[in-house]
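A quick write-up on the structure given underneath.
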Amino acid sequence: MPERKEKFYLTTPIYYTNGLPHIGHTYTTVVCDTVRRYKRMRGYDVVMTTGTDEHGVNVERAAKKAGIPESEFVANMAEAWRSLWDELGIAADEFVRTTDIKHVRAVQWLFKLCKENGYVYKGHYTGQYCIHDNAFVNDAKPGENCPDCGRPLETLTEENYFFKLSAFQKPLLDFYRKNPEFIQPEGRKNEIVSFVESGLKDLSITRTTIRWGIPVPGEEPHVFYVWFDALTAYLSAVGGPDYEKRGMWPADVHFVGKDIIRFHTVYWPAFLMAAMLPLPKQVWAHGWFLMDAAKMSKSKGNVVLPRPIANMLGMDALRYFMLREVVFGQDGNFSYDSLVTRYNSDLANGLGNLASRTAALIEKNFAGKVPKSAERQPQDDALAREAQAAIGEVLERLDKMEFARALEAIWSVIAAADKYLTSEQPWALGASEADQARKGTILWTTAELLRIVSALAHPVLPDSTAKVWALLGQTTSLDSLELDGLRWGQLVPGTPLGKSQTLFPRVEKTEAIERIESMANEELNSASAVPKPASALATPATPAATPAVPEKIGIEDFAKVEMRVGQIKTAERIVGADKLLKLTVDIGTEIRQICAGIAQYYEPESLIGRKVVVVVNLAPRKLRGVESNGMVVAASVGPEGRPVIAGFLEDVEVGARLK
Ligand code: MSP
């Protein structure tokens, strides 16, 4: 055990807010929560971070579909994620939202450091972009589909800030060599090393085509590329620019799915190297939970939700299944059938049955108090040795993230105890002093084994092991038990047992699956946790009038409208006018005050610095008592006429006339 409390900082990815958690996301989070509990029981000062990734085009689109501003949309979604983790008993120490101001500052700070150190420059980029994955796809040709998600790519050109990723090829390869444990599992490491060896291209880290993002200070309309933004969450959670004060950075392990390993093992360390900040110690990539051999996704309609499973079988059952069924690092198949089978065999018949049998026998024969272990026979000692050996083995397995093997070791001890009880038959012994003594030895032995098992399995099954612990009359908290002090023989005779309760009631398979599925359907169809869709919010549309054929105008008519490039200097809301923003706009010759009906769709701060098209020769008028001297041009999009401000893909001079 560490001498003084050593820190351990671990993270889940931060989850996209354009959807709600399914068991794939739950898997990453459960793994992380298990390690968090385990490390705490090994005496570490542990911090676990999770959170929500709230920027980017997908959120813009989802918010639009829901008919609400992005800020409201992401606030609702972040709450849905946070409360689901709470409900599932997963309590991270830090929950980062990428719209939090402390995170925004951390991203801007990291960019500044990279820029000051000479790793950032301005350029143009044209490429094939996957809007779903928020990423340009290197080497893709126009018309191709995204190699990751299969959706069509779009050709995009924009002015970007570039990160000199190419400068980090050698430093990264050196880093991997010097830190052979950095990328786990081993197989993934080879994949990343050959990717880096094949050459790294500079990476564009800002966007002008996206509005919903963290602004690059003084460089609006540039916003940060979502991955530059998202990865920084790990650092902003533990202090951002003040990370040294909190003392948690660098992360000890980032848990991620195999789909996002490159971002974590190439980009992230390169950003940190550029900023001269300490690098995380390890990135652990797990496989996917597959449904019928395909990755779960809402669009495929094959998602499995955690809540109905937790309601039917308990969260511990889902945690146990995930960690027991799949070798950590590899893909695994999810099926309700194997979930319920494992529940009945390992939990109801295994741990649950051993605990209730032992407690009932102690209740009946020893008035509910832990008996004494009298003279021991070889089979008692054999079981003791097995349990003692399991302590070492389980700790070793958990240290290596071999969750399935750790659970296998624990369950083999449970099976041995079952066999022991069955062959020793304490229920068949009489009331003589010798028989009573023998019964005491047998029951003390199984009770002690249960105590050890509860402690070892606690990180995976926090609820049910705490119940077994209490059943054995243990009054200390299992969460704070130090596993390094766990030894065979510590169960004190005479300890009164706690109240007995059924841990895992057996379930009938078909019925259980039907109930889980019907709860899942209900949840998927209910809009309760999801922000309201646009259709539910929009006022009923009036039947469209037959469109009038527009009268043609001459060029002299068009010339009457004077449009110029303006740059927004300030933007603020107008009290009592929900839809209006008051802007001051530099049109080259003067600064104008203009009111724009865009308040429901644009955050005032996001507009500062943005170059827009202004109709400058419109007669001044008052809107809600505020003078407006000109008009900002915007497209009217969708049935609700959402305004989308017109802008430029290239940099243009303020005051330039549009012709
Ligand atoms: N927002 C990014 C991560 C940014 S971290 C700085 C993201 N979010 S995500 O919501 O799409 O996915 C988060 C995690 O869930 C990933 O690690 C991903 O691998 C995991 N899973 C999503 N579906 C999964 C399965 N079906 N099975 C196991 N995990 C998978 O990526």
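Atoms within each ligand, like the ligands themselves, are counted from 1 in listed order. Count residues from 1 along the sequence.
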Inset, instruction - Using a strict cut-off of 4.0 Å, indicate which atoms of ligand 1 neighbour a heavy atom of D53. - result: 1 (N), 2 (C), 4 (C)

Inset, instruction - Pick one of side chain, backbone, both or neither for how W227 approaches ligand 1, counting any non-hydrogen atom pair under 4.0 Å. - result: side chain

Inset, instruction - Return a yes/no value for I14: is any of its N or O atoms, backbone included, closer than 3.5 angstrom to an N or O of ligand 1? - result: yes

Legend entry - The one among H22, H55, H25 that brings a heavy atom closest to atom 23 (N) of ligand 1: H22

Inset, instruction - Say whether, by atom type as modelled, one donor and one acceptor occur between the side chain of E94 and the main chain of V238 under 3.5 angstrom. - result: no

Inset, instruction - Tell me which part of V256 gets within contact of ligand 1: side chain, backbone, both or neither, using heavy atoms under 4.0 Å. - result: backbone

Inset, instruction - Could you tell me whether R82 sits above the aromatic face of F95, with NZ or CZ closer than 6.0 angstrom to the six-membered ring centre and within 45 degrees of the axis? - result: yes

Inset, instruction - Can you sort out which atoms of ligand 1 are near G287, meaning under 4.0 Å from one of its heavy atoms? - result: 28 (C)

Inset, instruction - Output the list of atoms in ligand 1 that are nearer than 4.0 Å to some heavy atom of A230, sorted by atom number. - result: 6 (C)

Inset, instruction - Just jot down the ligand 1 atoms closer than 4.0 angstrom to any heavy atom of P13, in number order. - result: 3 (C), 5 (S), 14 (C), 17 (O)

Inset, instruction - Using a strict 4.0 Å cut-off to heavy atoms of F289, name the atoms of ligand 1 that fall inside it. - result: 25 (C), 26 (N), 27 (N), 28 (C)

Inset, instruction - Before signing off on this row, confirm whether Y234 and ligand 1 have an N or O atom pair separated by under 3.5 Å. - result: no

Legend entry - E70/R211 ion pair, N-O < 4.0 Å: yes

Inset, instruction - Kindly assign one of parallel, tilted or perpendicular to the pair F168 and Y119, based on the angle between their ring planes and the thresholds 30° and 60°. - result: tilted

Inset, instruction - Check whether any heavy atom of H286 sits under 4.0 Å from an atom of ligand 1. - result: yes

Inset, instruction - Please indicate whether any nitrogen or oxygen in D259 is less than 3.5 Å from any nitrogen or oxygen in ligand 1. - result: yes

Inset, instruction - Measure from NZ or CZ of R262 to the centre of the six-membered ring of F195 and say whether it is under 6.0 Å with the direction within 45° of the ring axis. - result: yes

Inset, instruction - From atom 16 (C) of ligand 1, work out which of V303, D331, I260 has a heavy atom at the shortest distance. - result: I260

Legend entry - R36/D93 salt bridge by N-O under 4.0 Å criterion: yes

Inset, instruction - Could you tell me whether some N/O pair between Y16 and ligand 1 is separated by less than 3.5 angstrom? - result: yes

Legend entry - D45 with K7: basic N within carboxylate O range, under 4.0 Å: no

Inset, instruction - May I ask you to decide whether D399 forms a salt bridge with R42, counting only side-chain N to carboxylate O separations under 4.0 Å? - result: yes

Inset, instruction - Flag the pair E60 and K64 as a salt bridge only when some basic side-chain nitrogen lies within less than 4.0 angstrom of an acidic carboxylate oxygen. - result: no

Inset, instruction - Please indicate whether any nitrogen or oxygen in L231 is less than 3.5 Å from any nitrogen or oxygen in ligand 1. - result: no

